[in-house]
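Worksheet: the structure to be examined is printed underneath.
What you see is a predicted model, and the numbers here were worked out from it, not measured in a lab.
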Amino acid sequence: MSRRPLLFASIALVLAAVGGLGWWGGRASHDAASSDISSTDDADATTTAARAAASARAPAQRPPDRPLPPLDQPLRDILPELKRRADAGEAAASCRLAAELDFCAQIRMRLASTAEMLRDGSESSVRFGQIDPNATRQEQQRQSEQALVAHSERLLEESAHCESVPASTPAQRVQYWRSAALGGNPMALRMYASGNAFRQENLLDQLEALRLYRGEAESMALRAAQSGDRMMVMALGHAYSPNNREQRRSLLSQAVKPDGARALAFYLHAQAQLPAPPATSPRNANRQAMRDNRLTRSIRELETQLDPAALAQARQLAADMARDYAPPAMSSSGTTSRTEMRGIPGGILRAQCSDD
């Protein structure tokens with residue numbers, strides 16, 4: 001079956017984006033914005049780490065957070081300002097810069113993956129999108145091509161945000177997440193302490209950063225939980241739990257020692273923080289019910305495994321958390337509504353770096 005003109009056009013556009021954007025492959029453009037990240041390569045990672053460590057030792061010396069640039073501005077227009085403010089120790093700017101660079105790194109990977117799918121012209125290629133299982137093979141191929149074209153167009157629109165911005169390194173992105181977390185930024189604390197700032201595809205490039213993370217992840221996760229981050233309360237429960245240790249574990253769970261009493265305490269605290277069921281769709285209600293059921297099951301498993309002394313310790317710890325920890329904090333997206341952010345590349349994640 002011949003390829004359709006619309007699909008050929010998408011192939012050309014995506015391949016042009018992959019090969020031609022100034023930030024693809026780390027090729028710096030000639031404008032000032034491009035030079036700001038490309039001038040900080042892996043050789044500067046120790047300098048960045050030292051700066052972050054100095055900020056941790058003297059938090060009072062950090063400059064106060066100021067309003068961040070609008071989310072809909074192209075990154076090339078705000079990159080110099082963000083980098084200056086992040087390098088000076090401004091936590092919200094460090095978080096925003098890390099989120100921006102992470103988004104552009106993921107765009108690069110998604111463009112490469114889409115280009116590979118578009119180059120595969122055989123009818124046996126993996127079908128993309130929702131396909132009518134009752135349609136003919138020819139119709140299914142047409143539907144698959146249409147879905148891939150639509151996906152490509154959305155991706156190209158998103159990639160415009162990163163145009164003329166040079167590629168960053170994993171070390172740079174992690175260091176900005178870490179600097180923001182050390183400065184107390186809630187979004188960055190969650191990203192770094194949970195281990196989500198590290199990407200599976202380049203872990204071996206970050207061995208030094210991972211060693212540093214291992215020594216501070218627990219204290220940062222506890223700090224986030226104490227400030228009212230319910231997701232980190234749950235993450236700590238999973239990390240401390242002695243159950244399922246043979247399964248794939250998060251980086252946080254690898255950075256702490258198993259402790260059934262502490263795991264149960266965090267699970268009990270998370271259960272006490274459960275919000276009232278909102279008016280939502282049946283699908284979302286079912287998902288919430290499944291999460292709640294998993295939490296209840298985890299609590300019951302630990303209650304049957306722990307001896308009376310450990311159970312008493314867990315309940316006391318949970319009572320201490322109820323007294324000392326801040327109430328659950330709602331994730332903030334700033335003043336931009338979720339409806340508005342749907343049209344902004346990576347808007348929700350980037351907006352959570354600041355309450356402004």
Hey, what do you get for [atom1] ([X]) to [atom2] ([Y]), rounding to the nearest 0.5 Å?
X	Y	atom1	atom2	result
L349	M191	CG	CE	6.0 Å
R190	N196	CZ	CG	9.5 Å
R62	S94	CZ	OG	6.5 Å
L189	S194	CG	OG	10.0 Å
W177	N185	CH2	CG	8.0 Å
L101	L79	CG	CG	7.0 Å

Contact check, side chains of [X] and [Y], non-hydrogen atoms, under 4.5 Å:
X	Y	result
S354	D65	no
R262	L236	no
E303	R315	yes
P170	L203	no
L264	Q313	no
L210	V174	no
D324	Q226	no
Y213	R178	no

Which heavy atom of [X] sits nearest a heavy atom of [Y], and at what distance?
X	Y	result
H161	P74	ND1-CA, 3.9 Å
A318	H269	O-ND1, 4.4 Å
P69	R85	CD-NH1, 4.3 Å
M232	A225	CB-N, 4.1 Å
C353	L68	CB-CD1, 4.4 Å
R249	S253	CB-OG, 2.9 Å

| R84 and E81 ion-paired at < 4.0 Å | no
| query | Does R96 pair with E100 as a salt bridge, N-O distance under 4.0 Å? | reply |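 Salt bridge between R96 and E100, a charged N being under 4.0 Å from a carboxylate O: yes.
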| task | Starting from the C-alpha separation in whole Å, work towards a yes-or-no answer on side chain to side chain contact (heavy atoms under 4.5 Å, CB included) for L75 and E163. | result | CA-CA 8 Å; L75 182 53; E163 188 175 357; over 6 Å; no
Are [Y] and [X] connected into the same hydrophobic cluster when the rule is that any two of I, L, V, M, F, W, Y join if their side-chain heavy atoms are below 4.5 Å apart?
X	Y	answer
Y192	L222	yes
L311	Y267	yes
L156	F103	yes

| Does the E90 side chain pair with the main chain of R66, one donor and one acceptor, at a distance under 3.5 Å? |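 Checking the backbone N and O of R66 against the side chain of E90, a donor-acceptor pair under 3.5 Å is found.
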| query | Under 3.5 Å, is there a donor-acceptor pair between the side chain of S298 and the main chain of R294? | reply |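 Yes, S298 side chain to R294 backbone: donor-acceptor pair under 3.5 Å.
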| request: Assess the side chains of D229 and Y325: does a donor N or O sit below 3.5 Å from an acceptor N or O? | output: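 Per modelled atom types, D229 and Y325 side chains form no pair under 3.5 Å.
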| field | Side chains of Q106 and D102, donor plus acceptor under 3.5 Å | value | no
| task | Any chance you could lay out the side chain to side chain contact (heavy atoms under 4.5 Å, CB included) test for N202 and R173, step after step, and finish with the verdict? | result | CA-CA 12 Å; N202 47 45; R173 299 191 293 273; 3.8 Å; yes
| What's the verdict on side chain to side chain contact (heavy atoms under 4.5 Å, CB included) for Y176 and D87, showing C-alpha distance, side-chain angles and the deciding distance? | CA-CA 9 Å; Y176 282 120; D87 289 345; 2.8 Å; yes
| request: Please state whether the rings of F266 and Y240 are parallel, tilted or perpendicular, taking 30° and 60° as the class boundaries. | output: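 Rings of F266 and Y240: parallel, under 30°.
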| Enclosure of R110 CZ (heavy-atom neighbours >12, cutoff 6.0 Å) |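 Yes, enclosed.
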